[in-house]
Each structure stands twice: as structure tokens, then as C-alpha cells.
Amino acid sequence: MTTDNQNPNPSEQQERQKNFVEQIVEADLAANTHEGRVHTRFPPEPNGYLHIGHAKSICLNFGIAQNYKGKCNLRFDDTNPAKEDIEYVESIKEDVQWLGFQWDNIYFASDYFQQLYDLAVQLIKAGKAYVCSLSPEETREYRGGWDSVGKDSPYRDRDIQENLSLFERMKAGEFADGEHTLRAKIDMASPNMNMRDPAMYRIKHIHHHRTGDQWCIYPMYDFAHGISDSIENITHSICTLEFEHHRPLYDWFLDELDIFRSRQYEFARLNITHAIMSKRRLLELVENKHVQGWDDPRMPTISGLRRRGYTPQAIREFCTRIGVTKQNSTHDISWLEDSLRAQLNKEVQRRAAVIRPLKVVIENFPEGHVEFMEAVNNPEDPSFGTRQVPFTRELYIEQSDFMEDPPKKFFRLGPGREVRLRYGFFITCQEVIKDGDGNIIELRCTYDPETRGGQAPDGRKVKGTIHWVSAEHAVEAEVRLYDHLFQTPNPSDVEEGQSYLDNLNPHSLEVLTDCKLESSLAEAQPGERFQFERLGYFCVDTKESNGTKPIFNRSVTLRDTWAKMQKRS
RNA sequence: UACCCCAUAGUGUAAUGGUAGCACCAGUGAUUUUGAUUCACUUAGUCUAGGUUCAAAUCCUAGUGGGGUAACCA
């Protein structure tokens, strides 16, 4: 985990064009709008696990605080106890920190319940809020639609004293759920539905994970959020596009209450191909066992990506690469994968691993003899040094590195062909051995002792270089290959009568239990990452791997132009 | 049906009235003991129609297309 918890490197942020939110911040700084103060917040509702879309928001909010010497709060928007849970609070804290960010303050909207209540009373006294006794159904009818204006609630003109007393009694628990609401008195004819006397408080006799049974009325998002921002002196309240038409309401509350004026700015939420980001659906995948949990390595959750082997840097890099705008857009998931490859290529050691083994016997190599070969740990950086790998008469190579009847462009092993075993010798395939069903089960080869290390003194070349593992020294392991959870780029795009679940990729997980790893991998620690040469980047599973038979997760494949060529033809 | 937001190479994003750039993808080639990495080159774009202006991707109007919005959810 040495590379995991580093703080974001300032250079990650430098030399980049500013996004529109940063430009707003810079303009405010230039105009001295808040005496040079910048204060953002990340306001998750603790009703699910954080995903890569939240990472975008986290990078934006914490990143701005960092770059402009400001502050960023973590604030839990816990105003609806029906959906929220302490389990989520803990996971969110962990994920934010793992991503490399530290909040200046940690707050809960529920910390402000009393203040919120007092401010609501203030609005009632100002004649700007009233207790409404319409049922939920009636409220909906009175609100009207896009083609019609709303009707005033018959309770809209209750006098202030009555409102005060009713609201007091709501708080005291004298009424059942749904009997009354507190509503802002704005404009039932507004073209913006949010302004048609929105609810500020509803009655819910539910235990809250932090305030217990102290309250039975809970504030609505629109009332609580802006005021929470204001209480914390948030200068830039950044949220996603769907809150755009809540902004007039956000402004209305702060103006009517005449409290610190935070400003709300909206950006487009993140979409990624072959993935879904809706908390509701993610929960559905977990509950219906389509995946093995929130941290299933196929999930776009932070905990899933972490277990998959993603690094915080790669996720941050991805977030800065995609930018921040108001345009709805979908990013190709390969961008995320590329960010990981780019980092791991430079930082991770190479190892040999054969995941679908094919036995090779070097007929002219003495039985029982072990020759140690020197292998480079990272060709990108000599300071990673080298290691010794044992070469013996019996080896494993990858099944896909042999073809009995190879096409022209196939550079690997075939009958009579010579290839280089990386850091080993040149070998030539002499004989193919099959079982009764015609399956290839073993190759008999010869090696050229003159090619030790992989160079021929006579200068002859071979087309292909393949990896191998000494059978005698091999570590047995399980390897889990992951592919996109959804097989279509946009899982939500479905035929009539189908659902996104129909687009689940049946091959998103392939478990290989007969893998042969280079002996040095025996000591690999949970979470440790390697490049298995020619295959991809892998990490030791943090949850289920154990000493007897390690489990490796494939984080991402290497780029594979050979596979691409095959697909094309 | 009403209102709001958005529109630049395939994708994603710059240019904030003054030369349309960048990244990824794709293609071609070079290097290579990973068909990896790296490097070089190439293809390709301002939704449409009007208007303002010496000058419009940028400002205005209309249209078109996409997205969002009618929880006592956030």
C-alpha cells in the first residue's frame, strides 16, 4: 500500500486548462468576493457506497480547496433517516481518505436540526411559511402540471400564530406521519415546480442514526442543504445538473432568511460506458446477488475499484483528464483503464505468470538441473533491479502461445518453430503430444544452450518472445479475470420490456484455478500489484487470498494489438 | 404540453469578439527480449437558418437535436 495514500501531487493539477468552476472561483478571488476565501464541501447522503461518479465530485471539491488554499468540508446530508445508515457513513469516510483527501471539517446536516427548526420558525413569523394539512395526493393535485398552474392550498393563509402552534405540535409528535407539512409560501403559478410552495418539513416517526428519537420532523433537502452551506460559510456549493432548477429555491431561502449567501453551481455528472452509476441500481445489483457485494471488483464503486487494484492516483488522473463541464457526456471506460495502465507501467514490478498452462519438456535439458536466469523487474526504471528465476527441464507456457496450425502473422510457438523464452533460451518445438480426445497436453521441445539470456551468438532472430514458468518451482494460484459488468456501452438503452439487467455481461468474471506463477510471487502480500508480463496488471485480492493458494485479481489487461488484429480478421 | 440546461474531429475537452488547439481512439511507420512501453507521422470538427460586427465557435433571434424537471427522496 506504499503508493496508495499519498496526497495528490500538485503537479497532477498543474499546466491544465481551468474548468468552468475553477474559472468562477478565480473570478471571485480576483473580485475579492469572499475576502479571498474559498470553501467547498462534499455532501453525500449516507444511503449507499461511493462510486467513480462521486470521485469526480470529490476531486472537484477537494481539488479546488487544495489549489486555491481554501477549505473543504465533508458533510453528510442525513435528512432522511428512512434510507440512511451508519454503515454508509463509515465507508464514505474511508473512501474519501483512500482517494487521498482530508476534510477540514466533518459535519452532519443533522447537527443543524435545531438551527434549521429555528430558521423555519423565523420564516413562519415572517409569513413566508405555513403548515399545510393536505394529504400527499392532494398536494400533488394542487401543484398542477407543466401545462397548468397550481392551486393555492386552502391552508395557505392560516394565521401566523396557528402556524407556529401547529409546527410546534408537529415537532412535539402530536401528529401522525403525513398529517401535516411545513411549506414555503412562494408561488403556486411558477413555471418552476420547485417554487410551487415546496415542502420544508415532513413528519416521520423514524429513528435517526445520529439524533435517535429526538426528532420526528425532518427537513427536506432544499431547505436543509442551502442553509447547511450557509452555516458552514461555504462559498461555492457545487452539485450536479439535476439540481439546476432548485437553485432559485436555494437562493430564495438564503435571501428570505438573510443569512450568509453561498452560491450553487452545477456540473454534469459522470457517465461511463459499460457501467451504471445509479445508487438505486447499484444497490439492486448487490441485493439481488448479481455481484458479490459493494466491493465486488466489477463494481464502479470506490471500494470495488480499490479491490480490483485501482490506485487513488489513477482515479484522480482520470477525473482531471475528463474535465468538468455542463455537457451531458459519456466517457469510454477505456479512459479509466488507461489511467491505471499509465501509472502501473511505471511503478509496478514485472513477473511471469502462466494462467492457462501448457506443459513444455525441454528434451535436451538435463533432468534435475536448475539454471538461474536474470530477469528485469521493470524495464521502465533500472532502479527496480533484477531477480533470479529458475529454468528447468519442465516448464509451463501459455496455451495461447502455441498453435498447431498457425496463421501467417502468428509469431509464437508452432511445430518446428523457434521462439525465445523471455530471459531464458531459444526453444524449438519438436513434437506435439495429445490426449485421447485430441487435446494438446504437452510439447516436446529442444533448447539452444548458446542462447542463454535470450540472445543468439550467431545473430539469428526469432519473431516471438513468450513467457514461461518452471514447473518444479511454480506457485499454484487462482486468478480472477474481470471484464466489463455490462456488455453494451449503454446498459440503460434497452428494448421495450427489457431492463438494464438484461445487458449484464455473463463473462464479466472468469475464475482460473490452475495458474502457475513465478516462485517469487509466493510472498506477495494482499493488495500488492504486479504486471504479469504480456497479460496485464494484477493484484493480490485483499479479502479472500490466503497463504496456501493466493488469489490474484486482474486489474486491467495490457493493450493487445494481436487480439485487436484477430478481432478484425 | 411548460420551464431550465447543453450543442466544437469517432470520444472527451480548449479557444471567454481576432490564426479552431489538445488528449484519447483509429490508421501508418520506427524502436523493442512484453504483439507492452516509447517515438514519429496521418485522418478528422464549430447542429441549421437568419441577424449584429471590419471580424462570430463565441453576441442576438428562430429552428433542430440531446438532457433534466411535476417525492412529504437527495
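Since the structure is predicted, the reported quantities are computational estimates derived from the model, not experimental observations. In what follows, chains are A, B, ... by sequence order, proteins preceding strands, each numbered from 1.
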Short side-chain N/O contact to B/C72 OP1/OP2 from A/Arg143, under 4.0 Å: yes
Any salt bridge linking A/Glu232 with A/Arg75? Criterion: basic side-chain nitrogen under 4.0 Å from a carboxylate oxygen. yes
Looking at A/His180 versus A/Tyr155, is the centre-to-centre ring distance below 6.0 Å? no
Side chain of A/Trp146, heavy atoms from C-beta onward: which of B/U1, B/A14, B/G12 has the nearest atom to it? B/U1
Heteroatom pairs (N/O) under 3.5 angstrom, protein to nucleotides 58-65 of chain B:
none

On a whole-Å scale, what distance lies between the C1' atoms belonging to B/C3 and B/U43? 43 Å
To the nearest angstrom, how far is A/Met565 atom CE from B/G27 atom P? 10 Å
Going by a 90° cut-off around 0, is B/A62 syn or anti? anti
Rounded to whole Å, CE of A/Met403 lies from P of B/G35 at a distance of 16 Å
4.5 Å side-chain heavy-atom contact, A/Tyr423 and A/Phe391: no
Among B/C24, B/G27, B/C72, the one nearest any side-chain atom of A/Thr139 is B/C72
Which whole number of Å gives the distance between the C1' atom of B/G50 and that of B/G66? 23 Å
Would you indicate, yes or no, if B/U13 has its OP1 or OP2 atom less than 4.0 angstrom from a side-chain nitrogen or oxygen of A/Ser329? yes
Is there aromatic stacking of A/Phe411 against B/G35, centre distance under 5.5 Å, plane angle under 30°? yes
Using a heavy-atom cut-off of under 4.0 Å over every strand shown, decide if A/Leu558 touches base, sugar-phosphate, or nothing. base
A/His246 and A/Tyr250: aromatic ring centres closer than 6.0 Å? no
Using a 4.5 Å cut-off on heavy atoms from C-beta on, say whether the side chain of A/Glu371 contacts that of A/Gln388. no
Verify the contact: side-chain N or O of A/Ser148 to OP1 or OP2 of B/A2, cut-off strictly under 4.0 Å; return yes or no. no
Note: A/Lys463-A/Glu418 ion pair, threshold 4.0 Å (strictly below): no
Taking the minimum atom-to-atom distance to the side chain of A/Glu45, which one of B/G35, B/U11, B/A74 wins? B/A74
If I take atom CZ in residue A/Phe223 and atom C1' in nucleotide B/A71, what distance separates them, rounded to the nearest angstrom? 18 Å
Winner on side-chain proximity to A/Glu244, out of B/C5, B/C72, B/A36, is B/C5
Can you find an N or O donor on one side and an acceptor on the other, under 3.5 Å apart, linking the side chain of A/His467 with the base of B/A36? no
Stepwise side-chain hydrogen bond (donor to acceptor under 3.5 Å, both in side chains) check, A/Thr40 with A/His236: CA-CA 5 Å; A/Thr40 57; A/His236 302 265; over 6 Å; no
Is any N or O donor-acceptor pair between the side chain of A/Arg412 and the base of B/G35 shorter than 3.5 Å? yes
Minimum side-chain heavy-atom gap A/Trp468-A/Val354 below 4.5 Å: no
For atom P, what is the distance between B/A23 and B/A14, given to the nearest Å? 15 Å
Whether A/Asp401 and A/Arg534 form a salt bridge (side-chain N of Lys/Arg under 4.0 Å from carboxylate O of Asp/Glu) is what I want to check. yes
Partner of A/Tyr218 under ring-ring contact (aromatic ring centres under 6.0 Å, His included), picked from A/Tyr117, A/Tyr201, A/Tyr112, A/Phe113, is A/Phe113
CZ of A/Phe318 versus P of B/C25: gap in Å, rounded? 14 Å
Taking a pair to mean Watson-Crick or G-U wobble geometry with both distances below 3.5 Å, B/U1 pairs with none
Among B/U34, B/G68, B/G35, the one nearest any side-chain atom of A/Pro379 is B/U34
Taking atom C1' in both B/A20 and B/U8, what distance in whole Å separates the two? 8 Å
Mind calculating the distance between CG (A/Asn192) and P (B/C5) to the nearest angstrom? 11 Å
Under 4.0 Å between a Lys/Arg side-chain N and an Asp/Glu carboxylate O for A/Glu518 and A/Arg387? yes
Give each protein N/O atom lying under 3.5 Å from an N/O atom of nucleotides 39-44 of chain B, with the pair distance.
none

Atom CD1 of A/Ile466 and atom C1' of B/A36 are separated, to the nearest Å, by 16 Å
Can you see if the side chain of A/Arg140 gets near the phosphate of B/C72 - specifically, an N or O under 4.0 Å from OP1 or OP2? no
I'd like the C1' distance from B/G27 over to B/A9, given in whole Å. 15 Å
What interatomic distance, in whole Å, is found between P of B/C41 and the corresponding atom of B/C5? 43 Å
Ignoring backbone atoms, establish whether A/Lys564 has a side-chain N or O less than 4.0 Å from OP1 or OP2 of B/A26. yes
Row check, A/Phe425 ring normal vs A/Arg420 NZ/CZ: under 6.0 Å, within 45°: no
For B/A36, does either OP1 or OP2 sit under 4.0 Å from a side-chain N or O belonging to A/Gln531? no
For RNA chain B, find the residues of residues 193-202 of chain A with a heavy-atom distance under 4.0 Å and give them by number; none if there aren't any. A/Met193, A/Ala199, A/Arg202
Is there, by distance only and without an angle test, a donor paired with an acceptor across the side chain of A/Arg350 and the base of B/U34 below 3.5 Å? yes
Check for me: is A/Tyr221 stacked on B/A74 by the 5.5 Å centroid and 30° plane-angle rule? no
Atom CD of A/Gln327 and atom C1' of B/A14: how far apart are they, to the nearest Å? 11 Å
Quote, to the nearest angstrom, the P distance that separates B/C72 from B/A2. 24 Å
Atom-to-atom span, CG of A/Leu249 to C1' of B/C3 - whole angstrom: 15 Å
Are any of A/Lys463's side-chain N or O atoms less than 4.0 Å away from OP1 or OP2 of B/G35? no
Please tell me if the side chains of A/Lys185 and A/Arg156 come closer than 4.5 Å, counting only heavy atoms from C-beta onward. yes
Counting heavy atoms from C-beta on, name the nucleotide in B/A36, B/U11, B/C72 closest to the side chain of A/Pro136. B/C72
Aromatic contact, A/Phe108 with A/Phe76 (centres under 6.0 Å): yes
Partner nucleotide of B/A15 by Watson-Crick or wobble geometry (both distances under 3.5 Å): none
Proximal nucleotide (of B/G67, B/A74, B/G35) relative to the A/Asp560 side chain: B/G35
Which whole number of Å gives the distance between the C1' atom of B/G12 and that of B/G45? 13 Å
Counting only heavy atoms from other residues, nucleotides and ligands, does the tally under 6.0 Å from CZ of A/Arg452 exceed 12? yes
Nearest-nucleotide pick for A/Gln17, side chain only, options being B/A14, B/C3, B/U34: B/A14
With side chains defined as the heavy atoms from C-beta onward, is the minimum distance between A/Pro154 and A/Leu134 less than 4.5 Å? yes
Phosphate OP1/OP2 of B/U13: any A/Thr325 side-chain N/O under 4.0 Å: yes
